[in-house]
Amino acid sequence: MSKPTPISGFPEWTPPQRMIEQYVLDRIRATFELYGFAPLETRAVEPLDQLLRKGETSKEVYLIRRLQAEADSPTGDDALGLHFDLTVPFARYVLENAGKLQFPFRRYQIQKVWRGERPQEGRYREFLQADIDIVDRDTLAPHHEAEMPLVVGDALRSLPIPPVRIQVNNRKICEGFYRGVGLTDPEAALRAVDKLDKIGPARVAELLAETAGASEAQAKAVLALAEISAPDASFADAVRALGVTDPLLDEGIEELVRVVETAAEHAPGLCVADLRIARGLDYYTGTVYETQMVGYERFGSICSGGRYDNLASAGTARFPGVGISIGVTRLLGLLFGAGALTVSRDVPTCVLVAVTSEEQRGASNRVAEALRSRGVPTEVSPSAAKFGKQIRYAERRGIPYVWFPGAEQDEVKDIRSGEQVPAEAGVWMPPEVDLKPLVG
RNA sequence: GUGGCUGUAGCUCAGUUGGCAGAGCACCGGGUUGUGGUCCCGGUUGUCGUGGGUUCAAUUCCCAUCAGUCACCCCA
């Protein structure tokens with residue numbers, strides 16, 4: 001067998017990177033639970049028609065089929081696809097299990113998702129999302145839209161990563177405004193506005209004319225709206241100053257004011273109303289979120305979501321929801337690439353117990369057992385080589401302590417300082433900071 | 001899915017106008033009859049991404065493919 005090669009877009013981390021990932025996941029999970037979100041995992045596959053129900057992502061969905069399936073049925077209505085986000089499976093789950101759930105239902109879900117995109121830095125075909133959603137029956141109170149950024153803000157701020165800024169907008173503002181100025185294709189207008197950062201106002205104006213049929217005056221108004229940005233409710237005055245009126249617009253402004261003011265009270269500096277944020281997914285109907293790391297804006301959004309009123313509905317039952325999702329793999333991939341996220345050692349081991357000779361390995365094993373029984377991650381040296389080599393084994397992996405069993409007295413050495421002291425395996429404890437690898 | 005750039009040791013890279021493949025770091029051994037990191041001495045490291053083609057000869061030229069990256073698309 002020839003040497004295996006990586007598969008494009010399916011990243012695999014090193015053990016130290018995986019330790020960081022697990023640490024990050026633990027923190028995110030702890031924060032989600034702190035806010036009372038219940039855990040959920042859904043299957044990896046959904047019926048293809050479910051996946052394609054909303055949005056034009058068909059090209060991205062990975063189909064799944066048996067090797068020996070009948071040749072004529074792999075793409076029928078019953079075909080299965082890997083989910084490409086966690087919101088669509090969740091909406092399906094809610095419909096399927098509505099009878100067993102208490103509403104409003106708050107859940108978190110941390111799972112892999114798959115998208116058949118062309119990969120590049122921070123963009124993968126298989127990646128982890130950490131998602132929270134709240135759904136309710138019939139109507140969903142707008143204050144939930146204000147809670148989302150607070151939760152992920154807490155989660156992200158608990159991590160050793162650069163500070164984040166969550167940009168918030170409301171689809172109703174855009175759609176109401178566009179309608180107010182007489183534009184008929186709000187989707188096309190949104191898509192054009194979404195490129196503002198990348199291609200600049202002049203090109204966006206051209207795009208608006210080409211794809212959304214905007215006149216010069218309409219394009220100018222749309223751009224004026226998109227350029228509004230404020231960390232507080234003052235954005236509302238700026239919007240009204242543009243002189244466009246529409247009931248939907250007013251509704252959107254009211255909702256966004258609430259989100260921004262709530263955030264300003266509980267997490268100053270976290271959120272900013274940014275009326276250019278559009279979000280590609282067309283199932284969003286209200287508040288939308290995007291998140292950037294300060295100083296890493298060029299990496300794009302590492303956490304986004306929004307409110308969806310029509311994703312989960314069957315017959316007369318309607319379950320409006322709001323959710324936001326942290327792109328864990330992107331976050332990590334980008335920071336790994338920038339060398340901005342490291343761990344203090346390559347293994348969980350805190351203590352390496354040296355082996356004096358193979359005949360004495362039992363004594364070392366007993367020391368390790370005593371340490372482990374008190375929660376100290378410990379391994380025994382793989383060989384009874386010279387102590388210098390055993391110390392080096394520990395050093396190479398970043399293991400901070402080496403334990404030397406003695407005939408009468410054991411000793412433990414902190415190999416960073418070189419300090420070596422008598423110790424007893426039944427009582428000795430490392431300082432708290434050394435117990436586990438430090439992520440930073 | 002479309003187009004551009006890149007691909008030499010574990011890492012960062014040099015190099016061959018087509019003729020036995022290099023440096024630094026890392027790694028291994030010794031200096032040190034059991035205590036590492038500095039220092040000194042010695043050593044290993046590669047199907048030159050993979051598969052074809054042209055050629056007496058290809059790591060070098062050509063084609064394809066895979067991977068990485070960038071733009072489009074889309075988006076975490």
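Naming convention: chains lettered A, B, ... in sequence-line order (proteins, then strands); numbering from 1 in each chain.
- Side-chain atoms of E60(A) lie closest to C74(B) of the nucleotides A76(B), C74(B), C70(B).
- Using a 4.0 Å heavy-atom criterion, one finds that T356(A) contacts the bases of the nucleic acid, with or without backbone contacts as well.
- Across all strands, G305(A) comes closer than 4.0 Å to no nucleic acid atom at all (heavy-atom distances).
- For the C1' atoms, the distance from A64(B) to C70(B) is 22 Å, rounded to whole Å.
- Pairing for C20(B) is absent, with no Watson-Crick or G-U wobble pair whose two atom distances lie under 3.5 Å.
- Comparing the same atom, P, in G34(B) and in G30(B) gives a spacing of 15 Å after rounding to whole Å.
- Going from the P atom of G22(B) to that of U44(B) covers 12 Å, rounded to whole Å.
- Checking U54(B) for Watson-Crick or G-U wobble geometry (two distances, each under 3.5 Å) identifies no partner in any strand.
- Residue K195(A) places none of its side-chain N or O atoms closer than 4.0 Å to OP1 or OP2 of C72(B).
- For the pair Q120(A) and G68(B), the criterion of a side-chain N or O lying under 4.0 Å from OP1 or OP2 is not met.
- For the residue pair E411(A) and Q420(A), a side-chain donor N or O sits within less than 3.5 Å of a side-chain acceptor on the partner.
- With F32(A) as the aromatic partner, R27(A) does not meet the cation-pi criteria of under 6.0 angstrom to the ring centre and within 45 degrees of the ring axis.
- Contact annotation for A354(A): no contact, since no heavy-atom pair falls under 4.0 Å across all strands.
- At the heavy-atom level, Y393(A) lies nowhere under 4.0 Å from the strands shown.
- Atom CD of E411(A) is separated from atom P of G34(B) by 15 Å (rounded to the nearest Å).
- Using atom C1' as the reference point in both C72(B) and U54(B), the two lie 36 Å apart (nearest Å).
- With both ends at atom P, the span from C25(B) to G43(B) equals 15 Å, rounded to whole Å.
- OP1 or OP2 of C75(B) has not a single side-chain nitrogen or oxygen of S304(A) nearer than 4.0 Å.
- Within the 3.5 Å criterion, the main-chain N or O of V347(A) finds no donor-acceptor partner in the side chain of R397(A).
- What separates CZ of R118(A) from P of A67(B) is a distance of 9 Å, to the nearest Å.
- Among the atoms of the strands shown, base atoms are found under 4.0 Å from some heavy atom of A385(A).
- Across all strands shown, the partner of C25(B) is G10(B), judged by Watson-Crick or G-U wobble contacts whose two distances both fall under 3.5 Å.
- Base pairing of C5(B): its partner is G68(B), meeting the Watson-Crick or G-U wobble criterion (both donor-acceptor distances under 3.5 Å).
- Residue contacts for K112(A): at a heavy-atom cut-off of 4.0 Å it reaches no nucleic acid atom on any strand shown.
- The separation of U60(B) from G7(B), taken at their C1' atoms, amounts to 14 Å, rounded to a whole angstrom.
- For the pair V164(A)/L270(A), a side-chain contact is recorded, criterion being any heavy-atom separation below 4.5 Å from C-beta on.
- You'll find that the side chain of Y124(A) is closest to A76(B), out of G34(B), C72(B), A76(B).
- Taking atom C1' on both G15(B) and G53(B), the two are 25 Å apart, rounded to the nearest angstrom.
- Taking atom C1' on both U59(B) and U50(B), the two are 13 Å apart, rounded to the nearest angstrom.
- When the P atom of G68(B) is taken as reference, atom CZ of R123(A) falls 13 Å away, rounded to whole Å.
- As rounded to whole Å, 12 Å separates atom P of C74(B) from atom CG of L190(A).
- Counting non-hydrogen atoms under 4.0 angstrom, G300(A) reaches nothing in the nucleic acid.
- For R29(A), the CZ atom is loosely surrounded, since the number of other residues' heavy atoms within 6.0 Å does not exceed 12.
- Aromatic ring centres of Y93(A) and F90(A): separated by at least 6.0 Å.
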Item to check | Annotated protein contacts, base or backbone, on nucleotides 37-43 of chain B with a non-hydrogen cut-off under 4.0 Å, one of B, S, - each | outcome: B------
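- Summarising the geometry, the separation between CD on Q390(A) and P on G34(B) is reported as 14 Å, rounded to the nearest angstrom.
- A cation-pi arrangement is present between R106(A) and F37(A) under the rule of less than 6.0 angstrom and at most 45 degrees off the ring axis.
- In terms of position along RNA chain B, the nucleotide closest to F404(A) lies nearer the 5' end than the nucleotide closest to the other residue of the pair F404(A) and I199(A).
- The separation between K389(A) atom NZ and U32(B) atom P is 15 Å, rounded to whole Å.
- In Q409(A), the CD atom is crowded: over 12 heavy atoms of neighbouring residues, nucleotides or ligands sit closer than 6.0 Å.
- In the model, E33(A) has a side-chain atom that pairs as donor or acceptor with a side-chain atom of Y108(A) under 3.5 Å.
- Rounded to an integer number of Å, the gap from F387(A) CZ to U33(B) P is 13 Å.
- Residue pairs meeting the ring pair (Phe, Tyr, Trp, His ring centres under 6.0 Å) criterion with at least one partner in residues 354-387 of chain A, sequence neighbours excluded, are F387(A)-F404(A).
- The separation between E117(A) atom CD and G68(B) atom P is 14 Å, rounded to whole Å.
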